[in-house]
Structures are given as structure tokens and as C-alpha cells.
Amino acid sequence: MTETRGTVFHDGGCPLCNIEINQLKRDGAAIDFVDVSAPGFDPAALGVDLVSARYWLHWIDQDGQVFQGYEANLKMWHATGRVRLARVAGHPWVRPLGELWYRLFARLRHPIGALMGRKQDPV
């Protein structure tokens, strides 16, 4: 059995987010997946409220350090073997654009999901 390298807290109610999460699961990524949209989810482990937990992707590494948003993506990609992607996305010239894209995506993902026919849980 592969040792877990971290835990990703993701919004299972986001069809776009689920594309990547489901691919990581199919690839057998050695991480734990926690759906923050599941009934009874308690965001206390993240130290944030439920709205923040659902809005931003969160990553907790092996040492218990919490990362959110774009930084959480970089950490997740690195831990799941997508090291090259993490390096390119973290490059000083690419990172500001990536962070901007992430904030835009976080804001628009539920309306986009609704266009895809997925009923969204209001946050």
C-alpha cells in the first residue's frame, strides 16, 4: 500500500473540479480526498469556515501544514507526480497569471457548472 502524501479538500459539487479529482483517483494518487460538500463536513481541520472550505481548494501536507487556492494546487500536483506541471505553474512569470486564473475560476465555477446542467449547492 502506498503511503499517503497529503489530503486534498475539494468541492465535490463542482463538475469542473471533479474532472481533475476523478483523474487523480483513477491514477491511484497516494492522497486522501475529502469532499467538503458532503453532508456533515466539518471545516475545523482546515481552520476556516464552511464558505472558505467550499470556495478554495485546500491541501494539508504530511506535516499538517494547510495550503489553499493556487498554492494548494501546486502542492497537490507536486505530491501526485505532476512535478513538471507544478514547476511550470509555480514559475515567477507564470504564477501571477495562474493565481489570477484560479481566482476567476473559483468565482465562476458554480455558474459554469449550472450551465453544464449540474445543480449547485448555494454557498
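All values below come from the heavy atoms of this structure, side chains included, with hydrogens, waters and symmetry mates left out. The model shown is predicted, which means the values in this text are computed figures rather than measured ones.
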Notebook entry, point to check: Which is it for Phe41 and Leu50 under the side chain to side chain contact (heavy atoms under 4.5 Å, CB included) test, yes or no, and what are the steps along the way?
Noted result: CA-CA 8 Å; Phe41 170 74; Leu50 188 56; 3.8 Å; yes
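- Nearest heavy atoms, Arg54 versus Val36: NE-O, 3.5 Å.
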Next item on the list: Kindly indicate, with the supporting measurements, whether the criterion side chain to side chain contact (heavy atoms under 4.5 Å, CB included) is fulfilled by Asp35 and His10.
Entry: CA-CA 5 Å; Asp35 180 355; His10 65 94; 4.2 Å; yes
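- Not counting sequence neighbours, the partners of Arg103 by the side chain to side chain contact (heavy atoms under 4.5 Å, CB included) test are Trp56, Glu99, Leu100.
- Closest non-hydrogen pair, Leu57 versus Phe9, comes out as CD1-O, 3.5 Å.
- Side-chain contact between Asp27 and Arg82: present, with at least one pair of heavy atoms (C-beta onward) separated by less than 4.5 Å.
- Rounding to the nearest 0.5 Å places CG of Leu85 at 8.0 Å from CG of Leu74.
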Item checked: side chain to side chain contact (heavy atoms under 4.5 Å, CB included) assessment of Arg95 paired with Tyr70 -> CA-CA 9 Å; Arg95 187 182 190 112; Tyr70 192 71; 3.9 Å; yes
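- Under the 4.5 Å side-chain heavy-atom criterion for ILVMFWY residues, a single connected hydrophobic cluster contains both Leu108 and Leu16.
- Looking only at side-chain heavy atoms (C-beta outward), Trp59 and Ile31 come within less than 4.5 Å of each other.
- With sequence neighbours left out, the salt bridge (charged side-chain N to carboxylate O under 4.0 Å, His left out) criterion links Glu20 to no other residue.
- Annotation for Arg107: atom CZ does not count as buried by contact number, only 12 or fewer foreign heavy atoms lying within 6.0 Å.
- Checked by atom type and distance alone, the side chain of Asp61 never pairs as donor or acceptor with a backbone atom of Gly6 at under 3.5 Å.
- Both Phe67 and Phe33 belong to a common hydrophobic cluster when Ile, Leu, Val, Met, Phe, Trp and Tyr are linked at side-chain heavy-atom distances under 4.5 angstrom.
- Ring geometry, His91 versus Trp93: the interplanar angle exceeds 60°, so the pair is classed perpendicular (tilted spans 30 to 60°).
- From Asn73, atom CG reaches atom CZ of Phe105 across 9.0 Å, with rounding to the nearest 0.5 Å.
- Annotation for Arg5 and Gln62: closest pair O-CG, 3.4 Å, computed over non-hydrogen atoms.
- Between Ile60 and Leu46, the shortest heavy-atom distance links the atoms CD1-CD2, 3.8 Å.
- Judged purely by atom type and a 3.5 angstrom limit, Asp49 uses its side chain to pair as donor or acceptor with the backbone of Ser52.
- The two atoms that bring Ala86 and Trp77 nearest to each other are CB-CB, 4.0 Å, heavy atoms only.
- For the pair Val48 and Ala53, the tightest heavy-atom approach, listed with the atom from each and the gap, is CG2-N, 3.8 Å.
- Residues Val83 and Leu24 fall into different hydrophobic clusters, defined by Ile, Leu, Val, Met, Phe, Trp and Tyr side chains chained together at heavy-atom separations under 4.5 Å.
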